[in-house]
Amino acid sequence: MSPPAVVFDKVTHRYDRKEALRDVSFTIPRGAVFGLIGPNGSGKSTTLNILTTLLSHTEGGVQVCGFDVRTEAAEVKSRIGFAPEEVQLYNGLSAREFVELSAALHHMDPEAGARRAEHLLAHFGLEDRMDELLGSYSKGMRRKSLIAASMVHEPELLVLDEPLEGLDVVAQRIFKDMIREHAANGKTVIYSTHILEVLEGFATHVLLLRDGQVLGYGSVEQVHADLGLEKLADAFPNPSGSRP
Ligand code: ADP
Ligand code: MG
């Protein structure tokens with residue numbers, strides 16, 4: 001049997017003095033749509049940056065597809081697609097060029113890369129605008145381009161940090177369909193969000209973080225049952241769970 005998509009074993013991370021994660025353990029099985037949920041500052045981006053090898057954690061073990069993020073970073077990187085929360089896009093490239101560049105960086109055949117780039121961007125409703133420059137795009141259009149670039153090579157593990165930021169309701173629905181399709185092919189998706197409602201009817205598994213610690217973990221139903229709605233809401237200081 002192939003190893004799990006992600007294993008975190010008692011992971012602690014400190015930025016100078018600030019402890020961002022404490023003793024975090026969880027496993028993400030292959031084929032999961034894994035929701036990493038928690039309020040702003042709870043440690044979601046830190047977790048994702050560690051498992052994508054961008055950040056070296058302080059203590060504990062982290063494996064991705066059976067490879068150690070510290071000692072086998074190249075193996076890890078070749079298996080993932082990552083759309084970070086904060087990223088500088090190339091404003092002088094069109095969306096099409098940007099997604100094709102991502103395909104090339106992942107060693108895709110140029111024609112296959114071009115076809116897939118066009119397919120993904122069209123899926124997101126950008127069919128008539130994919131030759132315009134990213135610098136002229138809205139926040140939502142930039143987010144769509146970034147997501148398309150992260151999944152163009154059909155990675156074993158797709159990692160998306162706050163992917164729904166800036167997307168309208170229609171784009172969110174399209175996005176969810178694309179993610180489900182990705183996972184239906186046996187691939188794994190992990191995404192973070194601070195919006196509690198995104199739990200519903202989408203993620204197969206959930207990890208709830210608060211102040212760098214695991215508050216709940218398991219299926220959506222399990223986390224609901226374990227914590228109860230009150231405690232779940234308690235993890236999100238403001239009423240809707242959306243941004244203050
Ligand atoms: P989230 O993505 O859930 O909003 P983060 O992982 O970005 O949370 O941050 C977790 C905690 O670590 C926060 O308290 C944040 O202020 C702190 N933090 C994040 N990045 C840094 C950094 N580069 N240096 C110092 N502290 C940081
Ligand atoms: Mg974050």
Side-chain angles (χ1 to χ4, degrees), residues 6-26 28 32-62 64 69-70 73 76 80-89 139-140 142-147 149-151 157-167 172 175-176 179 188-200 202-203 205-218 220 223 227 231-244:
V6 177
V7 178
F8 260 56
D9 183 24
K10 300 195 176 77
V11 175
T12 291
H13 185 72
R14 280 183 289 274
Y15 295 102
D16 299 321
R17 287 255 183 85
K18 167 80 194 168
E19 189 175 69
L21 295 179
R22 176 185 292 185
D23 209 23
V24 170
S25 297
F26 63 90
I28 305 182
V33 176
F34 192 92
L36 181 60
I37 320 280
N40 291 324
S42 56
K44 303 182 297 296
S45 294
T46 301
T47 301
L48 299 184
N49 289 339
I50 289 170
L51 74 87
T52 52
T53 78
L54 296 189
L55 182 66
S56 182
H57 55 288
T58 314
E59 281 167 43
V62 179
V64 172
V69 291
R70 278 202 222 275
V76 172
I80 60 180
F82 184 32
E85 184 176 18
E86 277 162 33
V87 66
Q88 240 7 75
L89 297 185
K139 190 178 172 197
R142 293 164 73 87
R143 178 61 50 187
K144 290 174 183 176
S145 307
L146 179 63
I147 293 170
S150 70
M151 64 193 297
L157 175 65
L158 179 60
V159 183
L160 307 165
D161 199 353
E162 304 271 2
L164 300 174
E165 264 315 278
L167 294 192
Q172 288 192 19
F175 165 78
K176 288 181 179 179
I179 296 311
T188 311
V189 181
I190 172 168
Y191 70 97
S192 75
T193 178
H194 61 270
I195 304 167
L196 184 56
E197 286 76 9
V198 179
L199 277 172
E200 311 296 341
F202 181 44
H205 299 71
V206 175
L207 180 78
L208 187 55
L209 282 179
R210 185 171 64 176
D211 294 336
Q213 297 188 57
V214 176
L215 200 65
Y217 167 50
V220 176
V223 171
L227 292 178
K231 195 121 182 262
L232 204 57
D234 188 42
F236 294 86
N238 78 62
S240 70
S242 47
R243 279 200 302 179

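Everything numeric in this text was worked out from a predicted model, so none of it was measured. All heavy atoms count here, side chains included; hydrogens, waters and symmetry mates do not. Each ligand, and each atom within it, is numbered from 1 in the order the structure gives.
- Protein heavy atom in closest approach to atom 16 (O) of ligand 1: Lys18 CE, 5.0 Å.
- For atom 8 (O) of ligand 1, the closest non-hydrogen atom of the protein is Gly43 N, 3.2 Å.
- For atom 5 (P) of ligand 1, the closest non-hydrogen atom on the protein side is Thr46 OG1, 3.7 Å.
- Annotation: atom 20 (N) of ligand 1 to nearest protein heavy atom, Tyr15 CZ, 3.4 Å.
- A ring-centre distance under 6.0 Å is found for Tyr191 and Phe202.
- Taking 2.8 Å as the criterion, Ser45 counts as a coordinating residue of the Mg ion (ligand 2), since one of its N, O or S atoms falls below it.
- At least one N or O atom of Ser45 sits closer than 3.5 Å to an N or O atom of ligand 1.
- Ion pair Glu162/Arg143 not flagged as a salt bridge, since none of the NZ, NE, NH1 or NH2 atoms sits closer than 4.0 Å to an Asp/Glu carboxylate oxygen.
- Not a single N or O atom of Glu85, backbone or side chain, sits closer than 3.5 Å to an N or O atom of ligand 1.
- Looking at Pro39 against ligand 1, only its backbone comes within 4.0 Å, counting heavy atoms.
- Between the Mg ion (ligand 2) and Glu85 there is an N/O/S contact shorter than 2.8 Å.
- Where the criterion is an N or O separation shorter than 3.5 Å, residue side chain and backbone included, Ala20 fails it with respect to ligand 1.
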